[in-house]
Structure formats: structure tokens, C-alpha cells
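Start at 1 with the first residue, then count along the sequence. No hydrogens, no waters, no symmetry mates; every other heavy atom, side chains included, goes into these values.
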Amino acid sequence: MRKVLIVVAILVAAAACGGAGSASSNGPAQPAPFTQGGGYAQQPSKSTGTSGGTTTTNPANPSATDTTVPVLSGPPVIRQAQLAITVDAGRFDEKLASVRTLVESEQGYIAGTDAQSSPAVDNQIRTGVISFMVPAANFDATIDVLSKVGKVQGEHITGTDVSAQYVDLRARLANAQAQRLAMLTLLTKATTISDIISVQTQIGQITGQIEQLEGQIKYLDDNTAFSSIAVTLTESGVVPQTASSDSWGFATALSEAAHNFVATVNYVIAGLGALGPILVLVGLGYLIWRRRRTPVARHA
């Protein structure tokens with residue numbers, strides 16, 4: 001068993017040194033170029049320069065060619081945007097439909113829609129949030145078009161540079177793949193059942209690490225290739241009411257006069273309610289005083 005572990009260590013070290021030696025013999029290693037979505041582009045086996053991008057030959061089918069998107073010089077960035085837009089009254093449905101049409105024209109897809117209705121006027125939709133994804137290359141153009149849908153009340157755009165994560169994940173992936181290749185070579189030389197089981201166990205662990213790293217790289221590729229945008233649409237006010245037919249103001253004057261009359265009566269009743277107890281006490285005092293004075297006058 002100890003011999004197996006020693007051989008494993010030698011093979012892993014040889015694989016790492018072999019990778020480093022090949023890189024140094026061909027000059028300093030150059031990172032793969034960034035694609036239009038922000039991820040790394042794989043190096044083609046054959047390539048010819050074109051005016052619109054790069055034409056690559058598929059190694060599995062040399063007769064078929066694939067035209068890739070233009071290569072960008074900038075780093076991969078995950079971009080997100082949140083916009084709050086106010087539209088004119090009565091045009092909410094129209095503007096929401098225009099946003100959906102915009103997503104289709106920009107080759108994106110809608111992730112979700114949440115629209116709410118107001119019971120104030122005919123149960124019409126008044127507010128809503130629409131979330132969608134667009135290609136990273138069309139992000140700025142989409143924001144420009146959205147700013148013309150209505151009045152922009154708020155705009156928040158963020159960008160996260162994931163270049164360092166790409167470099168780290170790809171370096172770890174290359175190391176894990178080299179280890180797996182070394183273990184496969186060792187598996188062909190194993191003679192005992194215990195050695196075979198030990199090597200296969202390590203191969204399974206390394207394979208799991210490779211799949212996890214490839215999943216993280218794919219996640220970054222997907223999020224840099226497409227940018228997310230969330231738009232909150234709000235209708236500005238309710239439908240205006242029709243103008244009053246009382247152009248002379250006569251009905252309005254009568255209404256105000258009736259209101260003032262009722263208000264005066266209310267004040268009088270409120271005042272009597274406050275003075276009532278005082279008037280009752282004064283009346284009782286007057287009756288008592290009058291009763292006491294009457295016998296004295298008769299005796300005289």
C-alpha cells in the first residue's frame with residue numbers, strides 16, 4: 001500500500017511538472033480570450049480571421065464550421081439593473097406589452113412577471129414588475145430603449161468583475177484533471193484488489209471535484225453571457241373624472257349655502273348644549289329666591 005501511495009505522489013508531481021514544462025517551453029501561458037458574453041472562449045483547432053468575428057472548425061466534424069461571436073477585450077462582468085418607470089394613465093397595458101416586445105427583439109427571455117390590479121377604476125392593471133434576461137452585448141441598448149417607455153423614477157445598475165474567479169477555477173480544474181489522468185495511469189498498473197479499490201476511490205473523489213469546478217465555471221458563463229433586468233412599471237394617477245356641467249356655478253352656490261346653514265345650526269345646538277346646565281341652575285336659583293321673598297311680602 002505504501003508503494004502505491006509513493007507511486008501516486010510521483011505520478012501527480014510528474015503530471016504537474018509536465019504541464020508547467022510544456023507551458024514554459026512554448027513561452028508564457030496566455031489566458032483564453034473573453035467571449036462576447038464575458039466568459040472565456042475555447043481555443044479553436046483552426047481559425048481564419050473574418051470581419052465579423054472568428055470562424056472556427058469543429059474538430060469532431062472538420063467539414064462543418066461555426067461562426068463565434070466577436071471577442072471582447074474587457075473582463076467578464078455580471079451585470080444587473082433595476083428600473084422604476086412611471087407611465088401615463090390608461091397606458092399601462094400598452095407599455096407592458098412594449099417591454100415584452102423589446103425583450104423578444106433583443107433576443108432575451110422573460111424570467112417572471114408580477115402584475116397587480118387596482119379596484120379603484122374598472123379593475124385595471126396599475127402596477128407590475130417584469131424581470132427578464134438579455135444578452136450581455138445588448139444590455140446597454142436595452143436600458144436606452146427602456147428609458148423611453150416612460151418617466152424613469154429610479155435606476156440602479158451593478159456590475160461584478162469575475163475575472164479572478166475564472167482564473168482560480170480554471171487553474172484548479174487543470175490541476176484536478178492532471179491528477180485524474182495520473183490516477184488512471186496508475187490504475188492500469190495496479191495488481192492487487194486493494195490497490196485497485198484505493199485508486200478507484202481517489203479517482204471518484206477527483207472526478208467529483210472536476211464536476212463541481214465545471215459547474216461553477218458554467219454558472220459564471222451563463223451569468224456573464226446574459227444580464228438580468230427588473231423593471232417596475234407604475235401608472236401615474238387614476239383616470240381623470242369628467243368636468244362638471246354646472247358652468248354658471250348656481251348649483252355649487254346652493255350646495256355651499258345649504259352647507260353653511262347646516263353648519264350654523266350645528267353651532268347653535270352645540271352652544272345650547274354647553275349653556276344648558278348653567279341656564280337650569282339659574283332658573284332653579286330664581287325660583288327659590290322668589291319663593292322665599294313671597295311670604296315676607298304677605299306678612300308686611
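- The two residues Ile196 and Ala190 come nearest to each other via the heavy atoms CG1-CB, 3.7 Å.
- By the rule that hydrophobic residues join a cluster once side-chain heavy atoms approach within less than 4.5 Å of another member, Val87 and Val145 end up as members of one cluster.
- In this structure, CG on Asn175 lies 9.5 Å from CG on Leu213, to the nearest 0.5 angstrom.
- Side chains of Thr127 and Thr232 form no contact here, defined as non-hydrogen atoms less than 4.5 Å apart.
- With a 4.5 Å cut-off on side-chain heavy atoms, Val134 and Leu102 do not count as touching.
- For Glu214, the CD atom sits in a packed shell: over 12 heavy atoms of surrounding residues, nucleotides or ligands are nearer than 6.0 Å.
- For the pair Asp144 and Lys148, the salt-bridge criterion is not met [side-chain N within less than 4.0 Å of a carboxylate O].
- A single hydrophobic cluster is not seen to contain both Val129 and Ile229; linkage of ILVMFWY side chains at heavy-atom distances under 4.5 Å, directly or through other members, places them apart.
- Annotation: Ile193, atom CD1; neighbour count of heavy atoms from other residues, nucleotides and ligands within 6.0 Å does not exceed 12.
- The minimum heavy-atom distance between Thr86 and Glu235, with the atom names listed, is CG2-C, 4.5 Å.
- No side-chain donor from either of Tyr166 and Asp161 sits under 3.5 Å from a side-chain acceptor of the other.
- Between Pro76 and the choices Leu220, Thr160, Val162, Asp221, the side-chain contact (heavy atoms from CB on, under 4.5 Å) rule is met once, by Val162.
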Problem - Lys95/Ile85 under side-chain contact (heavy atoms from CB on, under 4.5 Å): CA gap, chis, key distance, verdict - result: CA-CA 10 Å; Lys95 297 300 183 180; Ile85 300 176; over 6 Å; no
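- For Thr264 (side chain) and Asn260 (main-chain N/O), a donor-acceptor pair under 3.5 Å exists by modelled atom type.
- Of all non-hydrogen atoms in Asn138 and Glu106, the two that sit nearest each other are ND2-O, 3.1 Å.
- Residues Ala81 and Ile143 share a closest heavy-atom pair of CB-CD1, 3.9 Å.
- Pairing each heavy atom of Phe226 with each of Pro135, the nearest pair is CD2-N, 3.6 Å.
- With rounding to the nearest 0.5 Å, the separation of CZ in Arg91 from CG in Asp93 is 11.5 Å.
- Val199 and Ile197 fall into different hydrophobic clusters, where Ile, Leu, Val, Met, Phe, Trp and Tyr are joined by side-chain heavy atoms under 4.5 Å apart, directly or via other members.
- Considering CD of Glu211 and NZ of Lys218, their distance stands at 14.0 Å, rounded to 0.5 Å.
- Atom CE of Met133 sits about 13.0 Å away from atom CD1 of Ile110, to the nearest 0.5 Å.
- Atom CD1 of Ile206 sits about 10.5 Å away from atom CG of Leu181, to the nearest 0.5 Å.
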Practice task
May I have the step-by-step check of side-chain contact (heavy atoms from CB on, under 4.5 Å) for Ser98 and Glu94, ending in yes or no?
Solution key: CA-CA 6 Å; Ser98 65; Glu94 174 189 349; 5.8 Å; no
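- To the nearest 0.5 Å, atom CD1 of residue Ile78 and atom OG of residue Ser228 are 9.0 Å apart.
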Exercise for the section: With salt bridge (Lys or Arg N to Asp or Glu O under 4.0 Å) as the test, would you mind laying out the steps for Asp168 and Arg172 before giving the verdict? Expected result: CA-CA 6 Å; Asp168 178 66; Arg172 291 164 57 187; 3.3 Å; yes
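- Of all non-hydrogen atoms in Phe132 and Val231, the two that sit nearest each other are CE2-CG2, 3.9 Å.
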